[in-house]
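Below is one structure, written out as structure tokens; comments come after it.
Positions are given from 1 along the sequence.
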Amino acid sequence: MQQTAPALAPHIAPVVTPLHQVTPERQAAGERLVARLKGAIEGFMYTDPLMTYAWSGDASSYRLIPAAVVLINSEDEVRAVMAAARAEGLPITFRAAGTSLSGQAVTDGVLAVLGDGWRRLNIHPGAEQITLGPAIIVANANTALKPFNKKIGPDPASQATCKIGGVVNNNSSGMCCGVTQNTYHTMARLRLVLTDGTVLDSGDPASCAAFRTSHAAMLDGLHQLHHQVTSDPDLVALITRKYAIKNTVGYSLNALVDYSDPLDILIHLMVGSEGTLGFVSEVTYNTVPEHPFKSTALVPFPDPQSAGRAIIEMANGGIQLTTGVTAAEYIERRALETVAHLPPMAPLLPWLTDNSPAVLIDVTAPDAATLDREVAKAVELLSRHGATHVDFSTDAIRSHALWDIRKGFFASAGAARPKGSIMLTEDVAAPIERLADFVVDLRAMLDDHGYEDAVIFGHALAGNLHFQMGDDFSLPGSAEKFDAFSGALSDLVSLKYGGSLKAEHGTGRAIAPFVEAEWGAKAYGLMHAIKHLFDPEGLLNPGVLLNPDDKIHIKHLKVMPPADELVDMCIECGFCEPACPSQQMTLSPRQRIAVTRERERLRRSGEDPARLKRLDDDFQYAGLDTCAACNLCSLRCPVGIETGTMIIGQRAQRRGATGHAVAGFVADHRGSVETLMRAGVGLADAARTVIPAPAIEALTDAARRLTGKRLPRVSRALHRGPGAPKPVPNRQDPRQTGFPVPIAQSGRPSIVYFPSCATRMFGAPATRYDLLPVPAAMLALLERAGFDVVMPDHLNGQCCGQPFQSKGFPEQAASVGGDLKRELSSLSDAGRLSVVTDASTCAKHLREFPGDAPVLDSAQFLLSQVLPKLTITQKLPTVAVHHNCSAQRLAEQPMTEAIAGACADTVAVLSALNCCGYAGDKGLFVPELNAHATRFAKQDMPAGCTLGVSTVSTCASGLSEHTDVPFVGLASLLEWASRPLH
């Protein structure tokens with residue numbers, strides 16, 4: 001019997017609004033909702049134009065501006081939001097990482113964003129299971145499981161960014177997951193909140209028993225649906241066939257076949273429900289093996305058909321293996337072209353013809369002998385099917401590089417689109433035995449509909465193909481073109497091949513109009529009945545997964561006008577966000593780019609001057625002042641977009657004549673400014689000997705408030721620096737001897753040392769180890785290692801220029817940094833001597849100026865030139881290490897850890913933060929950024945740790961304050977560890 005679709009309650013019906021607008025009614029409702037929630041929600045709540053627009057897009061091609069954005073951190077807050085939204089007639093959409101590709105994480109109602117309260121992770125004894133909160137990033141869960149040679153089953157390409165809540169709600173899979181290792185099949189327990197506020201924990205017998213009583217009618221409805229399906233052989237056959245391949249179209253109807261207990265049916269229907277049935281607050285996974293032995297190859301084929309035939313044989317009938325070929329990623333020739341410039345691709349290029357696809361293959365095994373046998377079997381199979389070059393390797397670096405290329409296709413292929421267009425993506429699946437023909441037909445259909453720029457790649461072992469193309473929906477006819485293509489795609493995939501229009505990305509808005517065409521009226525009716533049982537009001541994510549509007553897939557489409565050449569390639573995927581210290585405090589890189597695009601669009605169109613002014617004004621703090629400009633986002637971005645550089649440019653645009661005059665004065669009087677800074681910090685140091693540190697902080701905080709935060713904050717962790725060290729006698733330095741050539745050859749190598757302004761101005765906190773300040777420690781180490789040292793004259797005021805650059809004064813930065821680089825080049829004898837500095841930020845910035853002097857950071861120099869000449873005399877039990885942003889961009893992490901490892905028995909790398917948010921002087925003027933970025937650092941510190949190291953003194957100050965453990969410079973630690981004992 002076909003179920004009829006129940007009408008949504010009128011007061012919660014979705015509203016279609018014009019582009020980039022919120023209806024006045026929705027705006028008012030959002031403001032009333034926030035008023036209702038005051039006192040019930042601890043996190044942020046937004047209804048203003050800037051922040052609602054910032055949260056209006058996910059990684060899909062859709063944009064809806066929410067009436068309100070609310071940060072939720074507990075089940076009580078979920079219930080409070082549900083009650084307030086119901087009262088105001090607003091729908092709710094829950095959002096995890098916002099990497100959704102089908103428009104299921106955007107709304108014009110209430111956007112409920114997962115906060116820190118959902119970051120729970122517990123590995124069960126033996127690591128056979130792991131319990132996770134919905135805000136845990138997938139890669140972090142797998143990192144925690146790696147020591148046990150385990151992982152969770154789902155492994156989406158976005159795993160370094162996407163969160164468990166989205167993985168459960170989309171039933172995401174991935175490259176090695178196949179059909180049988182997704183959440184549906186590997187979930188052991190689920191905890192959820194239903195729309196009436198009831199919490200159900202499927203792993204708690206008492207919770208289940210209470211639910212069976214309180215929700216007997218709901219469970220009876222599910223029981224009836226189960227019998228309706230199982231009594232219909234055709235429906236059972238359809239469901240069985242649909243889930244033999246990857247399939248996330250509609251609700252998980254296989255739950256009605258696989259289970260008979262209504263409670264089991266309920267929790268499995270939640271998987272893949274895209275936030276339309278309830279809120280998932282916790283999940284326990286059965287882990288799967290992650291074999292430690294792996295060999296990888298990127299294998300070219302002469303044509304798509306031969307590659308398809310090889311994949312069909314490797315697929316093992318669609319049964320996912322944990323030994324042997326565990327991943328085979330099909331990459332067509334046009335997709336390969338977008339990454340041909342990357343170094344890992346170089347060995348493959350000679351083997352590619354105009355029509356050559358390649359398959360990225362992993363072979364894994366529990367031991368080396370088994371791996372050798374499995375690789376041999378794979379080589380034979382591939383060669384038999386015409387592979388033109390087979391080169392398996394166990395080199396982990398090479399493997400990671402190849403997989404990084406594959407995981408980055410979403411962004412790198414998207415970046416190849418024309419400027420102003422948006423990136424469109426679909427993921428489809430067909431029965432594996434038809435893959436070879438499917439690839440060819442899909443390519444032809446894309447070309448026939450004018451998407452010749454499209455590229456195809458995908459998880460071929462599961463018959464799953466992704467394709468991406470660009471289109472500009474601001475142009476007439478583009479939406480109609482995409483509509484025609486979508487209908488043809490539905491016919492090809494659903495009807496001709498009996499496949500899935502969405503294999504793993506979820507239905508969302510993109511495929512909602514085609515669900516009935518794929519499943520048929522009978523199964524589609526079941527889906528409406530399921531929605532009605534769980535959410536009769538239509539409160540949760542209406543319009544997603546089920547939608548009566550057959551054109552919803554071409555409504556609310558993004559426009560991405562060119563705004564800044566530095567970021568125009570961005571597709572708003574969100575891969576950058578986990579690295580950003582201001583994410584969920586103000587804006588993330590993705591949001592800064594989105595808002596910049598909207599401001600530029602409004603500037604060009606002139607359509608809403610008042611809104612543009614509000615966006616411009618509010619962007620000052622949220623977009624400019626709280627951006628650390630660390631550019632760690634570029635390391636996460638597959639195409640290296642530096643949002644921080646864009647922000648620095650916008651800061652420069654806003655600098656007026658007064659600002660430039662002040663910057664010029666500071667640049668011309670750097671020595672005086674440095675002296676005043678040291679004196680000011682020294683005064684606070686002295687005051688703390690008389691007045692308690694909390695009182696000093698309270699006084700300076702009060703002064704900051706009275707001056708509009710123009711005064712710097714003085715924290716208890718900020719200490720007066722040692723100033724410029726005295727010149728070291730060096731008979732090879734003509735400036736000291738008066739002779740134009742060295743008067744004595746000591747046989748010792750010389751090195752030019754530049755103590756950075758940060759280490760001169762800011763000192764380390766006191767420790768129990770009698771450590772030397774960084775400049776003194778560097779000089780002691782250089783002497784101990786047998787170096788003669790040359791330093792610039794008049795160090796007071798010497799600066800690399802980075803502080804001017806980050807504040808938006810590029811002219812002063814060039815002048816100040818250029819002067820220093822020229823002096824260092826002269827001291828280096830035109831590059832004959834190396835230059836070493838003691839702050840990684842300074843080293844990175846100096847390298848960007850022309851000049852002969854090769855500039856080395858202390859970590860690089862100490863490891864290669866100093867440590868081998870030292871004798872370690874004492875060690876710490878444990879030392880914590882923070883890799884600051886410049887050190888990460890210089891790829892110095894292994895060097896820093898190696899030095900720390902020489903000085904301590906255990907090195908604990910802080911993994912809970914990336915950039916600490918101190919960002920030069922932002923720890924002084926925007927201290928809330930440093931506090932937010934380091935909010936998990938204390939819990940990341942190992943028990944008993946008494947010391948930490950960082951290669952930038954200001955970062956060390958912020959870390960010392962927020963971890964309650966003193967952080968010092970790397971040189972200070974190494975000098976102590978190699979100090980001769982008397």
Side-chain angles (χ1 to χ4, degrees), residues 562-570 582 587 589 592-593 596 599-600 603 616 619-621 623-634 637 640-674 677 754 756-758 761 797-825 835 837 839-851 853 855 884-886 889-890 915 918-926 929 952 954:
D564 189 313
E565 288 188 357
L566 291 168
V567 300
D568 283 341
M569 291 190 300
C570 174
S582 62
L587 299 177
R592 287 185 170 94
I593 292 171
T596 293
R599 289 162 52 223
E600 183 61 24
R603 218 178 311 278
D616 280 344
F619 196 72
Q620 178 65 50
Y621 177 77
L624 303 183
D625 295 348
T626 56
C627 177
C630 60
N631 274 329
L632 287 187
C633 47
S634 69
C637 175
I641 292 171
E642 295 187 348
T643 307
T645 303
M646 177 192 76
I647 292 300
I648 290 171
Q650 292 192 30
R651 287 174 185 163
Q653 293 168 10
R654 294 198 180 197
R655 299 303 184 194
T658 302
H660 280 282
V662 171
F665 178 84
V666 172
D668 293 339
H669 298 82
R670 301 189 302 278
S672 300
V673 171
E674 180 176 332
M677 285 286 291
F754 173 63
S756 69
C757 59
M761 287 192 291
Q798 293 274 34
C799 176
C800 69
Q802 193 273 339
F804 295 93
Q805 182 72 24
S806 66
K807 291 181 181 303
F809 298 107
E811 296 88 356
Q812 289 81 6
S815 173
V816 171
D819 287 347
L820 175 60
K821 186 66 175 286
R822 281 187 290 274
E823 181 174 358
L824 294 175
S825 294
V835 176
T837 185
S840 50
T841 50
C842 187
K844 182 183 182 303
H845 198 67
L846 279 172
R847 292 180 187 181
E848 296 169 3
F849 288 101
V855 180
N884 67 76
C885 45
S886 291
R889 298 189 70 200
L890 292 171
C915 171
Y918 211 95
D921 65 357
K922 287 206 178 295
L924 304 177
F925 291 95
V926 194
L929 178 62
V952 175
T954 49

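The two residues Ser815 and Arg822 come nearest to each other via the heavy atoms O-NH2, 4.4 Å. Contact between Arg654 and Asp616 at its shortest, heavy atoms only, is NH2-O, 2.9 Å. Across all non-hydrogen atoms, the minimal contact from Cys570 to Ile593 is SG-CD1, 3.7 Å. Of all non-hydrogen atoms in Gly801 and Ala813, the two that sit nearest each other are O-CB, 3.3 Å. In terms of heavy atoms, Phe754 sits closest to Cys842 at CE2-SG, 3.6 Å. For the residue pair Arg651 and Cys627, the shortest heavy atom distance occurs at NH2-O, 2.6 Å.
A donor-acceptor pair is defined here as one N or O able to donate and one able to accept, closer than 3.5 Å; such a pair exists between the side chain of Asp568 and the backbone of Ala563. Under the 3.5 Å distance criterion, the side-chain polar atoms of Lys922 are matched with a main-chain donor or acceptor of Asp625. Checked by atom type and distance alone, the side chain of Arg655 pairs as donor or acceptor with a backbone atom of Lys807 at under 3.5 Å. Checked by atom type and distance alone, the side chain of Arg592 pairs as donor or acceptor with a backbone atom of Gly623 at under 3.5 Å. Under the 3.5 Å distance criterion, the side-chain polar atoms of Thr841 are left unmatched by any main-chain donor or acceptor of Ser886.
Here the OG1 atom belonging to Thr643 is positioned 11.0 Å from the CD1 atom belonging to Ile648, to the nearest 0.5 angstrom. Here OG of Ser756 is found 13.0 Å from NE2 of His845. Values are rounded to the nearest 0.5 Å. Interatomic distance, Asn631 CG to Ser806 OG, rounded to the nearest 0.5 Å: 11.5 Å. Rounding to the nearest 0.5 Å places CE of Met761 at 9.0 Å from CG of Asp921. Atoms OG and CG, on Ser825 and Leu846 in that order, are 9.5 Å from each other to the nearest 0.5 Å. Taking CG of Leu929 as the start and OG of Ser582 as the end, the distance is 6.0 Å to the nearest 0.5 Å.
When side chains are defined from C-beta on, Gln650 counts as touching Arg599, because their heavy atoms get closer than 4.5 Å.
Residues Arg889 and Glu642 are paired through a salt bridge, judged by an N-O separation under 4.0 Å between the basic side chain and the carboxylate.
For Tyr621, there are no ring pair (Phe, Tyr, Trp, His ring centres under 6.0 Å) partners at least two apart in sequence or on another chain. Residues passing the ring pair (Phe, Tyr, Trp, His ring centres under 6.0 Å) test with Phe804: none are found, sequence neighbours excluded.
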In sequence, state the C-alpha distance, the side-chain angles, and the governing distance for Phe619 and Thr596, and then conclude on side chain to side chain contact (heavy atoms under 4.5 Å, CB included).
-> CA-CA 9 Å; Phe619 196 72; Thr596 293; 3.8 Å; yes
Decide side chain to side chain contact (heavy atoms under 4.5 Å, CB included) for Cys799 and Leu820; before the verdict, give the C-alpha distance in whole Å, the side-chain angles of both, and the deciding distance to 0.1 Å.
-> CA-CA 7 Å; Cys799 176; Leu820 175 60; 5.8 Å; no
CA sep, side-chain torsions, deciding dist, call: Val855, Lys821, side chain to side chain contact (heavy atoms under 4.5 Å, CB included) = CA-CA 9 Å; Val855 180; Lys821 186 66 175 286; 4.0 Å; yes
